[in-house]
Every structure is written in C-alpha cells, then in structure tokens.
Amino acid sequence: MTESQQPGSDTRYLREIISERQAKADTLRTAGVDPYPPRTGRTHPIGEALEVFRAHEQTSPEADGPDVIVAGRIAALRNMGRIAFVDLQDDTGQIQILASKRALGEAWKLLDAFDLGDFLEASGPLIRSRRGEISVQANAVAMLSKALRPPPEKYHGLQDIETRYRQRYLDLIANDEAKELLRTRSRIVSAMRRFMDDRGFLEVETPVLQSEAGGAAARPFLTHLNALDEPRQLRIALELHLKRLIVGGFDRVYEIGRIFRNEGIGNRWNPEFTMLESYEAYADYHGVAEMVEAALAYIATEVTGSMCVPWGDGEIDFTPPFARVTMVDAVKQHVGVDFRDYPTIEAMEGLLRENGVAIPPDAGWGKLFDELVSERVEPHLQQPTFLLDYPLAISPLAKRTEYDETLVERFELFVGGWELANAYTELNDPVDQRQRFEEQLRLKDAGDDEAELLDEDFIIALEHGMPPTGGLGMGMDRLAMLMTNSQSIRDVILFPLMRKL
RNA sequence: GGGUCCUUAGCUCAGUUGGCCAGAGCAGCGGACUUUUAAUCCGAAGGUCCUGGGUUCGAGUCCCAGAGGACCCA
C-alpha cells in the first residue's frame, strides 16, 4: 500500500504538490475568480456536443459548428506556448478544447492555474482541428473546480488493486474498464427490476433492523437500538417479511436489498451483499424456475447482447431451458449412492470419509450433507443447472415433496459451479412450520450457531393463511460477476469491505 | 485458521551474488514551442525502499516479528 491511502500521512513531496495547486487556486482568487463557482453555463454534455458537430458536418462541412459551452475534468493538457490542447472528460465522453493565446487574450494567463484533474468550462464554436479532432475552439475558459491532489498516471491507469478498492473514485477516474464494469452491474440490477416490474411484481422494502434475524442459515451482525434500549440484528435474508406480505394479499412482491452475514470474506463473499427475493402466490417452485430462466436470458441479452456470455476460458449459455436434475440423482451420479440411505449423522460422516471430504466439527446431518454436495456435486454444475428437491433437514422453510416426506420442493440454481439462486415452494402449513423451527432450536442448542430462530409473529402470520407460494432468492453480486466475467466479487461492488487501516 | 507471493517518488515500474550518492517514464516545478492528442526539446528537483527488530564492515536486497494486500488450501 502507499502513503496516500492513509489519511493525514502525506509525504513532504505530496504536500508540496498540494500546496502548489492551492497556490494556483489563490492566484485565481486574487484575480477575482472563484476556483469553486456554484454552477456552470454548460449547454451540452460532451457526448451531445460531439453528436451536434457530427450532425452539423453532414449539412455544412465547410463552416464552423455552433457555439457550445462544455464542462468536464481535465484528462490531458498539451501546452504549446501560444496554443494549448485540453482533453475534457465527462460521463458522456471526451472532447478536445483548443485554446489559443490570440483567442483568449488576457484570459490566456489563467491557463497556468489549470492542472490535470481540475474541472474546466470552455465556450466557443465546435470545429475540427487540423489533425481532425473534434474540438471546441475556446473563446473563454473558466475554472469549475480546482483539484488539490494529482490524478493517477494517465497511460497505465491505476494498477494497485488495494487502492482501486479503497479509493474507488480513483479507479473510476483512471480506468475506463472499471467504470464500464460497474456501470454494467447497475444495468444488470436495473434489468432485473424491469423484468420483475413487467411481470407485475410489486417492489417493496422491509426492515433491515430486526429483533432476531431469520430466513437463512447465517450469523447476523449485532447492533443496539438506543431509543428503546433494545438489541437489534441486521437482516440476513428478506424472506420472512416478504412472506408476511403474501399473507397480507400482495400476490407478487420482490425486494432487491442489502443483506448482512457476519461470516467469511473471499472472492465470492462480501459481508454485505445484494439479494433479490421474490414471492409469487399461486405459483410453485417449477414456476419460479421458469421465471428464473426467463430473467437470466433477458438480463444476459440486455447486458451482453447474447444469451451466451464469456466465462473464464469458455462461456455460459443462459438459453432456456436450463438443465434440471434432482439432488438424489446428482448425488447418485457424482458420489454413487442414494443419500437417503445415510439418514444418521454417523452414516453421513462415514460417507464423507469414504469420499475424502473433511468433516466439519460439531456438524449435524444437514451440515455434513451440505459439505458433501459442495465438494463433490456443485463444482460439476458449470452450465446453468437447477438442482431439485433438497433434504428437509437443511430446508426449514420449504414444503415437503408429495413423493418423499424427507425431501422438500426446493431448487438451487448453479452456474459456474456456484450457487446463484435458491427457491422453494414455500411452507404454508403453520403447524409444520412451528415444528421445523423447533427442530432448528434443538440444533441451535446442540451448537449449530447458524440454526434458525423461531419467529413467533411469522408463525402467527401463517396461521392467518398463506396461499400456495413460490419464493426465490438470488445473489445479485454473483449474477454481476457471471455476466461480466469477473473473478472477484470486489470487482462488482463499488466499495468492497476492506480491513480498517 | 494454514501456505505462497507482493509492498521502492503523487502514479506506473527497474534495482545484479549484500557493496560508491537507490534509477527511469508519466505527473509536478523552471524554460522553449501557434495544430497537439502517451506532444516534443532543455534544465533543476522529488525517497520513512510498508513498520520494528536482527545478522553484517556494509541491508531496498538476508533473517525474525508485525501491518496491509493478492492468490491457493481448510
């Protein structure tokens, strides 16, 4: 890491650079110019100005283009003594400013106060320079905002990975690819929202601060509510509140929200991440699977122009329908046994040992099974695959299958070997749900700190009646990784969690 | 939790088996230049070699500990 990342630890040389820039701001002030004026007279975003000139060239190629006022950050500055070229950037593009001593007169001197990274406004006609670059032939320039610190080097961009994450604004200034990637992430979330809206789903917001975070197997972050002097937890899932809304009669709801899990940090794990959950009354998990296929095909097409997106050395094909395989068959295929023949902790431990899978300490049957599937099944699921019908033991919120009471109507969608989505035919029998929670409490007492807590109000809601419902959860960060061929979740999160300096 | 690798100027990077005063490009500073676009040319600067110990006549380089980061494994 570098000194500049530690606030207040600038080296002497960097402080010199900063004071030189401050001196330039003072020079402007002395000349009666505010280096931080409140507004600009901009007439066109840069991209629009470029279009305006191209259109103008079609009709009257010989004449100068119309006058414009453009504004942006100085990306490059080439001063030739009596003429200078300034590259200005905004979010829509880059344009060259042609500033000459003759045209600017007295104002030419002000150019000395401009540095790379400053925001500048220029007004004048659009022209093509002798070398063919569309330019604004400035008859006036103005400072819009003086930058006191130098930008990263222009040619190589900002390479230091740590600085790119910690000071993302520098990454965005210096690296077009990073900006494009994070823009794409936004387009993915936006496409997902559009997809859900178009299907008649109502977007809602549910509480982040909860008495007891439920709806998933994860450790929560703990906080304190001063006003009531009560403990609170940050949500680990959206599930239980969205189902209350199904009880309330909103038949199609979804939420795209941040959830928090006080667990590992890694290439695919950030402690706070963005989850989509949706619930649809009168649907089951098969209907949800079809919706997921349609959503991913839509998003891939919207974002990349194709249902086949590059992934590593190959590609992922999101063309529906995706492969479907039951958990029973998948385990048979990759482990060679029917896992239902291993119903006890001891038997499952033996199966893990036989397959060379390390046995986690204090694990119940569910955790052992989960470990086996993570190690021996999931990595095989590279192309989009629905893994169907999970053991009831690891699915306390899902409805039992009609053909086997130890299994539930649940799928997880695997892509690239990772879990991307999780869905159930939701358990709507309040008595069964209470028993499932009670079983979770027994696991908790036995030492499983990820077991669910009994949410009494949620049970009461179910007792008021919930229609048959299909529910879905999907990790938006992982989706963004898959759609942008990113190897690290940090690349698709603007401000990933980093250790405190 | 374990292992491997990385950290040198504002930025991007060199730095030999341990050996003179730690280098370059960009940016910045002074100067030249009226069509450049990684502008060019001349000049002068700019360093807590991540931090702290140790070995040594001598450490950016070797050893130990720590910080931050990357990757792999559990």
Side-chain angles (χ1 to χ4, degrees), chain A residues 1-24 27 50 73-89 93-105 108 111-118 124 127-138 146-167 169-171 173-176 263-269 352 356-361 363 367 371-372 374-375 379 486-491 496-501:
Chain A
M1 63 143 285
T2 58
E3 297 285 342
S4 67
Q5 293 164 346
Q6 289 178 336
S9 69
D10 297 335
T11 60
R12 190 185 327 125
Y13 184 58
L14 182 54
R15 288 200 303 273
E16 264 174 45
I17 292 173
I18 291 169
S19 58
E20 272 158 7
R21 283 172 174 252
Q22 263 166 340
K24 289 175 182 175
T27 302
L50 294 171
R73 188 191 293 272
I74 299 178
L77 189 55
R78 297 176 292 278
N79 192 332
M80 244 118 269
R82 288 189 180 80
I83 188 168
F85 301 90
V86 184
D87 292 339
L88 269 202
Q89 267 175 2
Q94 177 172 318
I95 196 167
Q96 177 171 271
I97 308 303
L98 196 163
S100 69
K101 187 174 183 178
R102 190 166 50 193
L104 289 177
W108 173 256
L111 227 52
D112 291 337
F114 288 92
D115 287 300
L116 298 185
D118 295 352
I127 58 152
R128 257 188 210 278
S129 72
R130 273 180 220 169
R131 296 287 173 91
E133 179 95 8
I134 299 176
S135 309
V136 174
Q137 185 152 48
K146 180 73 196 166
L148 297 183
R149 290 175 186 266
E153 191 232 20
K154 59 187 166 183
Y155 185 60
H156 298 90
L158 178 65
Q159 297 299 322
D160 185 80
I161 291 172
E162 187 176 352
T163 308
R164 292 182 51 209
Y165 294 151
R166 286 191 193 273
Q167 295 177 275
Y169 45 93
L170 295 180
D171 190 27
I173 290 170
N175 301 326
D176 286 344
E263 296 175 337
I265 302 174
N267 274 350
R268 272 144 60 196
W269 292 271
L352 264 65
V357 176
I359 294 172
K367 194 161 194 165
E371 202 64 27
L372 178 73
S374 299
E375 289 296 309
S486 296
Q487 297 309 305
S488 172
I489 197 169
R490 294 182 201 91
D491 293 331
L497 190 131
M498 300 290 279
R499 196 180 292 270
K500 190 180 164 197
L501 286 179

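The model shown is predicted, which means the values in this text are computed figures rather than measured ones. Order of the sequence lines sets the chain letters (A, B, ...), proteins ahead of strands, with each chain counted from 1.
- Of the C1' atoms belonging to rC29(B) and rU35(B), the separation is 26 Å, rounded to the nearest Å.
- No donor-acceptor contact under 3.5 Å links the side chain of Q159(A) to the base of rU12(B).
- For rC5(B) and rU48(B), the P atoms lie 28 Å apart once the distance is rounded to whole Å.
- Base pairing of rG68(B) is made with rC6(B), judged by Watson-Crick or G-U wobble geometry with both donor-acceptor distances under 3.5 Å.
- The distance from atom CG of D171(A) to atom C1' of rG69(B) is 15 Å, rounded to the nearest whole Å.
- Comparing the P positions of rC63(B) and rA70(B) gives a spacing of 24 Å, expressed to the nearest Å.
- Distances shorter than 4.0 Å separate none of the side-chain N or O atoms of K500(A) from OP1 or OP2 on rG69(B).
- Side-chain proximity of K24(A) to the nucleotides rG47(B), rG28(B), rU12(B) is greatest for rG28(B).
- Here the separation of rG19(B) from rU56(B), taken at their C1' atoms, is 12 Å to the nearest Å.
- Taking atom CD on E133(A) and atom C1' on rA39(B), their separation rounds to 13 Å, with Å as the unit.
- The closest donor-acceptor contact from the side chain of N175(A) to the backbone of L158(A) lies under 3.5 Å.
- Comparing rA14(B) with rC50(B), their P atoms are spaced 14 Å from each other, to the whole Å.
- An OP1 or OP2 oxygen of rA70(B) is reached within less than 4.0 angstrom by a side-chain nitrogen or oxygen of R490(A).
- Looking only at side-chain heavy atoms (C-beta outward), Y165(A) and D491(A) come within less than 4.5 Å of each other.
- Searching all strands for a Watson-Crick or G-U wobble partner of rU40(B) with both distances below 3.5 Å returns rA32(B).
- Taking atom CG on D160(A) and atom P on rA9(B), their separation rounds to 11 Å, with Å as the unit.
- There is no side-chain donor-acceptor pair under 3.5 Å between E153(A) and Y155(A).
- Nucleotide rG25(B) forms a pair with rC11(B), judged by Watson-Crick or G-U wobble geometry with both contacts under 3.5 Å.
- Each of rG69(B), rU35(B), rC72(B) was ranked by its minimum atom distance to the side chain of N267(A); first place goes to rC72(B).
- As the counterpart of rA74(B), no nucleotide is assigned, since no Watson-Crick or G-U wobble pattern has both distances under 3.5 Å.
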Next item on the list: Tell me, with the steps shown, if K24(A) and D118(A) meet salt bridge (Lys or Arg N to Asp or Glu O under 4.0 Å).
Entry: CA-CA 11 Å; K24(A) 289 175 182 175; D118(A) 295 352; over 6 Å; no
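- Taking the nucleotide of RNA chain B with the nearest heavy atom to each of R128(A) and D115(A), the more 5' of the two is matched to D115(A).
- Aromatic stacking of Y13(A) on rG46(B): not satisfied for centres closer than 5.5 Å together with planes under 30 degrees.
- Taking the P atoms as reference points, rG46(B) lies 16 Å from rG25(B), given to the whole Å.
- Here rA39(B) is the nucleotide among rU12(B), rA39(B), rG10(B) with the atom lying nearest to any side-chain atom of M80(A).
- Comparing rA74(B), rG68(B), rC26(B) by their closest approach to the side chain of K154(A) singles out rC26(B).
- Residue-to-nucleotide proximity on RNA chain B shows that, of F85(A) and N79(A), the 5′-proximal contact is made by F85(A).
- Counting to the nearest Å, the C1' atom of rC29(B) and the CD atom of E20(A) are 6 Å from each other.
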Should R78(A) and D87(A) be marked as a side chain to side chain contact (heavy atoms under 4.5 Å, CB included) after you check the CA-CA gap, both sets of side-chain angles, and the distance that decides it?
CA-CA 9 Å; R78(A) 297 176 292 278; D87(A) 292 339; 3.0 Å; yes
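- Atom name C1', nucleotides rA9(B) and rG28(B): the rounded distance is 11 Å, in whole Å.
- Of the possible donor and acceptor atoms, none in the side chain of R21(A) sits under 3.5 Å from a partner among the backbone N and O of K146(A).
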